[in-house]
Each structure stands twice: as structure tokens, then as C-alpha cells.
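Working notes, structure below.
Lettering follows sequence order; numbering is per chain, from 1. Side chains are part of it too, since the values below use all heavy atoms of this structure and drop only hydrogens, waters and symmetry mates.
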Amino acid sequence: MKRLSEQLNLPVEIAAKKILGAVIERSVNGHVLRARIVEVEAYHQSDAASHSVTGPSGRAKTMFESAGKLYVYLSYGIHFCCNITVGKLGEGAGVLIRAVEPLAGESIMMINRRGISGRNITNGPGKVGQALGIDRTFDGHDLEQAPIKLFLDDQLPDDEIVQSTRVGISKAVDTPWRFYIKHNPYVSKL
DNA sequence: GATAAGATTAACT
DNA sequence: GTTAATCTTATCC
């Protein structure tokens, strides 16, 4: 297995398609939570909607690290959202995890989500962070190390991927950098 | 030093 | 459909 930093040293929209369908594994208190990434969005420093547009200052500095790191930011003061950095060192690029499909440890995720279950458990970026117990202390974490690991699989065939515009932004709204898996109930918005 | 806006969610009416 | 919750950065005094 090649290093993540090599595998994800790609243009953001290519890396986003590669991360779609990958599996993220989170260990906590002897339990293993595993989930498949079913919805992502790409962000880049050349993109007005990205946190990294202002340069490697403040919260987005992690996006300028080499690929395969975790960038966690606080959304609306309440929600923790998870990104995977891509591209090369010094390039402010990342892929936001918008939704995942639980594969293992769903009962633990349910506890983290205060009893909410069903497809509402992880069908949104803030929900993913909460279900997996990720907060800002994991900002900059290397995704080849415990307790949070990323496993890339073969890229999905194009006919399983839907490409569209991003959600919840007010700038660069026409940039089609949102990717999700067809016919998956955990995708936040179809 | 102060203020406005934001890659959102859940609980209301 | 509307609104409150709540904190960080950027942008202006």
C-alpha cells in the first residue's frame, strides 16, 4: 500500500472521486467504528468558497499540509466537520466528508448522536463528526495513524458517481465539485 | 477592539 | 417553513 500522501497528491476533483467509497475507521475505548464515505465536496485555495482562499492562516492552515491529513473545523459554532487534505505540501486543498454509511459500531455512533438512528445518523457533515466522536483536537491528524485511519479502495466506476454543485455555500456556487454515490440512502441531499 | 457571516442541525410553529 | 444555538476568522473601525 502506497502512502496516502502519494495516493492523494492529485487535483482536488480527481482526489475527491478517489476518496468517494473509501472506508474510514475510528477506534475509541476499545471499540471500532467503521464507515464508508458516500458523499464528498472538493475545496481548493483557488476557490472562493474554500476556507483556504485567504492563505495558510488561522483555521485552514491544516489544508496546506501534505495529503492524507485530517482537517477539522467548527461550523456555525456548533458542528465539527471533517476534511481530508489532498494535493501537495503548500497547496491549500481538501475534500469535505459530507456523509458516510455505517459499516461497524453503529450502536456506538447512535450513543454519540444521542439516540438518533436510521439514515439520519450520518447523512450530513456535522453529523459525521458527532457520530465518529471527532473534534478539533484531531485537526492535523495523520490518517495513516490510530485512532482514525483512512483506507482507500479502488475508485468507483463513473456510472456509480453523481457530480453536482456544492451545498450550503454562497460563493462559487456553480463549481460542480460535489460527488456522491448513486442510490445511497445516507447521502444528505439528492 | 468590535462586528458580521458562515462548507449546519434540530426543534419549533 | 422558520429560527435558535454558538464560536472562529476576516474585515472593518
Side-chain angles (χ1 to χ4, degrees), chain A residues 8 11-20 22 24 35 37-65 67 69-87 91-102 106 109-141 143 148 150 161-181 184-190:
Chain A
L8 295 177
V12 275
E13 70 272 28
I14 308 295
K17 288 168 79 168
K18 194 154 189 162
I19 288 169
L20 193 63
I24 186 166
I37 297 170
V38 298
E39 183 182 358
V40 297
E41 284 178 8
Y43 288 91
H44 188 264
Q45 68 190 99
S46 65
D47 163 22
S50 171
H51 293 162
S52 59
V53 71
T54 52
S57 64
R59 68 177 158 182
K61 66 178 186 306
T62 305
M63 290 181 77
F64 292 81
E65 293 283 328
K69 300 286 197 302
L70 195 63
Y71 163 48
V72 182
Y73 73 95
L74 188 59
S75 177
Y76 291 89
I78 308 173
H79 308 289
F80 295 110
C81 301
C82 307
N83 299 248
I84 297 162
T85 62
V86 300
E91 186 181 10
V95 174
L96 168 70
I97 303 173
R98 281 196 61 85
V100 301
E101 171 185 358
E106 191 170 350
M109 297 186 202
M110 206 167 88
I111 293 168
N112 288 341
R113 295 273 297 122
R114 301 207 220 155
I116 295 172
S117 61
R119 68 178 178 281
N120 282 336
I121 191 169
T122 50
N123 64 338
K127 303 179 188 182
V128 172
Q130 197 181 353
L132 298 180
I134 295 171
D135 62 31
R136 281 217 11 197
T137 63
F138 291 103
D139 189 29
H141 174 76
L143 287 167
I148 306 173
L150 180 72
I161 298 177
V162 181
Q163 179 169 7
S164 71
T165 52
R166 293 174 293 184
V167 175
I169 55 175
S170 59
K171 294 166 187 167
V173 291
D174 292 326
T175 306
W177 276 3
R178 174 167 174 252
F179 303 89
Y180 59 90
I181 297 178
N184 189 292
Y186 290 93
V187 171
S188 66
K189 191 181 163 197
L190 300 172

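Less than 4.0 Å separates DNA chain C from no heavy atom of any residue of residues 39-52 of chain A.
Here A/Ser75 does not reach the OP1 or OP2 of B/dA7: none of its side-chain N or O atoms lies under 4.0 Å away. The phosphate of B/dA10 (OP1 or OP2) has a side-chain N or O of A/Arg113 nearer than 4.0 angstrom. The phosphate of B/dA10 (OP1 or OP2) has a side-chain N or O of A/Lys127 nearer than 4.0 angstrom. Residue A/Arg98 places at least one side-chain N or O closer than 4.0 Å to OP1 or OP2 of B/dT8.
Rounded to whole angstrom, the span from the CE atom of A/Met63 across to the P atom of C/dT9 amounts to 15 Å. Rounded to whole angstrom, the span from the CD atom of A/Gln130 across to the P atom of C/dA5 amounts to 18 Å. Atom-to-atom, CZ of A/Arg136 to C1' of C/dT6 comes out at 14 Å; the value is rounded to the nearest Å. In this structure, CG of A/Asp135 is placed 15 Å from C1' of C/dT8, rounded to the nearest angstrom. Taking atom CD1 of A/Ile121 as the reference point, atom P of B/dT9 lies 14 Å away to the nearest angstrom. Between the CD1 atom of A/Ile169 and the P atom of B/dT8 there is a distance of 9 Å, given to the nearest Å. The distance from atom CD1 of A/Ile78 to atom P of C/dA4 is 12 Å, rounded to the nearest whole Å. Taking atom CG of A/Asn120 as the reference point, atom P of B/dT9 lies 10 Å away to the nearest angstrom.
In terms of heavy atoms, A/Thr122 sits closest to A/Val100 at OG1-O, 2.7 Å. Between A/Val40 and A/Ile19 the shortest heavy-atom distance is CG1-CG2, 4.2 Å. Residues A/Ser57 and A/Thr54 come closest through the heavy atom pair OG-O, 4.2 Å. A/His44 and A/Ala93 make their closest contact through CD2-CB, 3.6 Å (heavy atoms, listed as atom of the first residue, atom of the second, distance). Of all non-hydrogen atoms in A/Ile121 and A/Lys127, the two that sit nearest each other are O-CB, 3.7 Å. Closest heavy-atom contact between A/Ala49 and A/Arg166: CB-NH2, 3.9 Å.
Contact annotation for A/Leu74: backbone-only contact, meaning every heavy-atom pair under 4.0 Å involves sugar-phosphate atoms and none involves a base.
Proximity note for A/Tyr76 (side chain, C-beta onward) versus B/dG6, C/dA10, C/dC7: the nearest is B/dG6. Minimum atom distance to the side chain of A/Ser170 is reached by B/dG6, of the listed B/dG6, C/dA10, B/dA7. For A/Pro125, the listed nucleotide lying nearest its side chain is B/dT8; candidates were C/dA5, B/dT8, C/dC7.
A donor-acceptor contact under 3.5 Å is formed by the side chain of A/Tyr73 with the base of B/dA7.
Side-chain contact between A/Val162 and A/Val187 is absent, with no heavy atoms from C-beta onward closer than 4.5 Å. Put simply, the side chain of A/His79 does not reach to within 4.5 Å of the side chain of A/Gln130, judged on heavy atoms.
Base pairing analysis places C/dT6 opposite nothing; no Watson-Crick or G-U wobble pair with both distances below 3.5 Å involves it.
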